[in-house]
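So that the names make sense, note that chain A is the first sequence line, chain B the second, and so on, each numbered from 1.
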Amino acid sequence: AQTVTQSQPEMSVQEAETVTLSCTYDTSENNYYLFWYKQPPSRQMILVIRQEAYKQQNATENRFSVNFQKAAKSFSLKISDSQLGDTAMYFCAFMKHGEKTSYDKVIFGPGTSLSVIP
Amino acid sequence: ETGVTQTPRHLVMGMTNKKSLKCEQHLGHNAMYWYKQSAKKPLELMFVYNFKEQTENNSVPSRFSPECPNSSHLFLHLHTLQPEDSALYLCASSQVMGPNTEAFFGQGTRLTVV
């Protein structure tokens, strides 16, 4: 069974600084997706960034980038130039690449609560 | 907006009540999910529907009853709940496979059982 671990329950960062959120996972699958989701207080959970396991290049989305280490099963999120709006719960998630007649389900880590301090 | 809509946003119900949560998506996805999010706990996957068929039931008590009448709608019927069932219930949908596979979430229903 797949598991996702986030070892930092809470983190804080000064506005405009850089912060890195850690995530490790355990799977025997070779083809899968990894995600970072953001859940702002009382707001909808949204996708921040996605990485396909077969791609060696790290995904980037504006101020968000990942460090994907497949052999180490590590998938950290780096937020550059942190903004107040980045304050949220961040969930690392895993989804296996399913066959056409099967299903995929997203497995979430426990989350990291990030506070951006003015 | 993610394209997944949940109603109601907030619900307070007594332990003897019967209520239903509704989720709707028009993204063309073929898998839909119910998650329970409790304070300081990881998201718990409750039910998965794949092509309208239930493919996962993670030991959820029978007081929670899902229904998926079509690929765009998902319900969670609630009856005789307990106070510990108070939580945020999230619906999500995804495509089974594809280059842009991801899960899209609704806003959630904040359920309080009194």
Side-chain angles (χ1 to χ4, degrees), chain A residues 1-10 23-25 29-55 59 61 64 66 88-113, chain B residues 1-7 9-10 23 25 27 29-59 68 71 74 87-110:
Chain A
Q2 291 86 11
T3 58
V4 178
T5 303
Q6 293 177 252
S7 59
Q8 306 149 316
E10 296 181 355
C23 173
T24 58
Y25 58 95
E29 302 284 338
N30 192 46
N31 294 325
Y32 51 88
Y33 300 90
L34 294 165
F35 309 92
W36 277 99
Y37 279 88
K38 170 185 177 181
Q39 188 181 37
S42 303
R43 300 274 304 276
Q44 208 158 359
M45 187 179 298
I46 57 172
L47 179 69
V48 174
I49 199 164
R50 172 182 57 231
Q51 175 83 40
E52 288 95 344
Y54 66 87
K55 289 186 177 179
E61 285 288 340
F64 298 88
V66 298
M89 281 290 291
Y90 286 82
F91 295 95
C92 178
F94 170 99
M95 176 186 276
K96 69 179 181 179
H97 193 284
E99 295 179 358
K100 203 169 186 180
T101 55
S102 65
Y103 65 92
D104 292 328
K105 58 181 181 183
V106 181
I107 299 171
F108 289 87
T112 296
S113 178
Chain B
E1 290 297 325
T2 62
V4 180
T5 304
Q6 289 185 243
T7 54
R9 295 291 304 276
H10 301 273
C23 177
Q25 59 92 7
L27 301 170
H29 290 165
N30 44 31
M32 296 186 76
Y33 316 84
W34 280 117
Y35 286 89
K36 177 183 179 182
Q37 186 177 24
S38 305
K40 300 186 185 301
K41 292 178 67 175
L43 270 73
E44 301 172 52
L45 178 66
M46 300 175 71
F47 300 104
V48 179
Y49 276 83
N50 183 39
F51 295 102
K52 298 184 296 181
E53 292 186 6
Q54 185 176 321
T55 54
E56 187 81 18
N57 177 347
N58 282 348
S59 303
C68 188
S71 57
L74 185 64
L88 181 68
Y89 288 86
L90 295 172
C91 173
S93 70
S94 74
Q95 197 67 357
V96 171
M97 64 175 292
N100 295 315
T101 296
E102 67 180 86
F104 289 79
F105 286 83
Q107 310 97 315
T109 295
R110 175 68 64 185

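- Residues passing the side chain to side chain donor-acceptor pair (under 3.5 Å) test with B:Gln25, sequence neighbours excluded: none.
- In this structure, A:Tyr37 has its ring center no closer than 6.0 Å to that of B:Tyr35.
- From B:Phe105, atom CZ reaches atom CG of A:Leu47 across 9.5 Å, with rounding to the nearest 0.5 Å.
- At a 4.5 Å heavy-atom cutoff, the contact between A:Gln39 and chain B is made by side-chain atoms alone.
- The CD atom of B:Gln37 sits 9.0 Å away from atom CZ of A:Phe108, with the distance rounded to the nearest 0.5 Å.
- Heavy-atom minimum distance, B:Val4 versus A:Gln44: O-NE2, 3.5 Å.
- B:Glu44 is linked by a salt bridge (Lys or Arg N to Asp or Glu O under 4.0 Å) to B:Lys41, counting only residues two or more places apart in sequence or in another chain.
- Contact count versus chain B (heavy atoms, under 4.5 Å) is highest, among A:Pro110, A:Pro9, A:Ser113, A:Gly109, for A:Pro110.
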